[in-house]
Amino acid sequence: MEDQSLFYRDTWAEVDLDCIMENVRNMKKHLPEEVELMAVVKANAYGHGDEQVAQVALEGGATYLAVAFLDEAISLRRKGIQAPILVLGASRPEDINVAVKYNLTLTVFQKDWLNQARKILTNKAPIKIHLKLDTGMGRLGIREQSEIVDIEQILQVEKRFYLEGAFTHFATSDELNESYFKEQLERFETMLSWFNIKPKLIHASNSAAALRMPNAHFNGIRYGIGMYGLTPSLEIQDILPFPLKEAFSLHSKLVHVKKVTKGEKISYGATYESNEDEWIGTLPIGYADGWIRKLQGQKVIINGIKVPIVGRICMDQCMIKLPYELPVGTEVTLIGTQGNEHISINDVAEKLETINYEVPCLISSRVPRMYKKSGKLVQVKNSMLV
Ligand SMILES: Cc1ncc(COP(=O)(O)O)c(C=O)c1O
C-alpha cells in the first residue's frame, strides 16, 4: 500500500487545527460550566476530516461527538475515538447490535422502533438513547404527548434502553427575527414537562443558538459550523460574541503556462475568448474535486493578486488568467490568504449562491487534506491511497 501521507498532484486543502481548538475553547468559555459541548463532526467534519477534528475538539473541551449516520460513528470508533458519540439521524432497528458493539448512542423517536429493536437486541447491558422531539423543524421527532407516554411505557419494562438524553433542533436560530425560534423553545419546554423519566442530557442549540441564545443552552449544545470558524449565517455575522477562526483553505499550483493571442479561445464550449494577448495558467483542480462549474469566473490568488478562472471548469482542471508570465509551480490560493488578499468560504458560497456549510463539504475526498497544529504540518491524509 502506498503511504497515505503522500500525494502526487499539486492540489490540496489545509486544515488549521489551532483554529478549531480556539473556536472550541472560546465556545466553552462562552457557556456556563455545566453545559456540555458536543462537537458535530458529521459529513467528515463538514469536509475537514472527522478523526482530526474530533481529536482536537475533545482536547479543547468537547465531551461528546455527534454524527449523522451509524457508518460515520463506526468509522470514528475504528479510528480509535473513544468519546461518547451520538448518531443524530435515523438508524435502522435491525442495526441495534452494531450500535451496541461500538458503544454508540442512538437517536430514537418512534415506539415501533423500540419494539422492533428490543426483539433484536442481544445485549444485556443498556444502550444509550436520546429522544428527538420535533418542535417545528418538521424533520425527525416526536410531536405528541401520547408518543412520549407510549415510549416511557416501553422504557419501564425494557431496562436495556437507557434514556440518557432528549433534544430538538431549531429551524431559524441563525435569523435575526427570533419569533419562530421562541415558539420552538416554548414548545420544547412544554414537551420536556411531559416526561416522567427525566433524561440527564437536554440539548437544543446548534452553533447559532449556542452563540446567541443563552436561554436555550440547557445542559448541552451541538457545535458544528462555528467550530470550523464559519458564521452560521451572514445575518448574524456581526453580532457574534467572539471571533470565529476559519480553519479550511484550498491550494493548487500552476502546471502549465502559455501566452495566447487576442481572440484565442479557452476550454470546453470555447466560451472564453481573450481580449488581448494574455498569459493563461492551468490548475490541476476541477469539478470532480468539488470545484464545480458554477465557479467559472471566481477569483483565485496568485503572487498576491486576485485573478479570475476563465472558460469552463473541466473535470480535473481549470484555467486562470495570469497577471503576467509566471513559472510553472507557482502556488495558487483558491480559499484562504495569500499576501494581502483573502478569499473566504463565504466568498465562494456567494458565487455558488449557497451557504458556507456546503463549500467544504463539496471539496471531494480526491483532494488531500494537510493538517497543521501549532503552525507545523502534523499529518497529511490522502484518501485516494488508503
Ligand atoms: C441535529 C443537528 N444538530 C446540530 C447541528 C449543527 O449545526 P451547526 O452546524 O449550525 O452548528 C446540525 C447540523 O446541521 C444538526 O443537523
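These numbers come from the heavy atoms of this one structure, side chains and all, not from hydrogens, waters or symmetry mates. When a ligand or atom number is given, it counts from 1 through the structure's own listing order.
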Novice: Going by atom types only, do S344 and N346 share a side-chain donor-acceptor pair under 3.5 Å?
Specialist: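 S344 vs N346: no donor-acceptor pair found between side chains.
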Novice: Can the ring centres of F248 and Y46 be said to be less than 6.0 Å apart?
Specialist: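 Judged by ring-centre distance (under 6.0 Å), F248 and Y46 do not meet the cut-off.
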Novice: Output the set of protein residues with a heavy-atom contact under 4.0 Å to ligand 1, ordered first by chain identifier and then by residue number.
Specialist: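 Those residues closer than 4.0 Å to ligand 1 by some heavy atom are V40, K42, Y46, L88, R139, H169, N206, S207, R222, G224, I225, Y357.
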Novice: Report yes or no: do H130 and T107 form a side-chain donor-acceptor pair below 3.5 Å?
Specialist: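 No, no side-chain donor-acceptor contact under 3.5 Å.
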Novice: Over all heavy atoms of both residues, which pair between G224 and V40 is shortest? Give the atoms and the distance, please.
Specialist: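 Shortest heavy-atom separation between G224 and V40 comes out as CA-CB, 3.9 Å.
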Novice: Considering residues at least two apart in sequence or located in another chain, which fulfil the ring pair (Phe, Tyr, Trp, His ring centres under 6.0 Å) criterion with Y371?
Specialist: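 Partners of Y371 by the ring pair (Phe, Tyr, Trp, His ring centres under 6.0 Å) criterion come out as none, since no residue qualifies.
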Novice: So does K258 have more than 12 non-hydrogen atoms from other groups sitting under 6.0 Å from NZ?
Specialist: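 Above 12, so yes.
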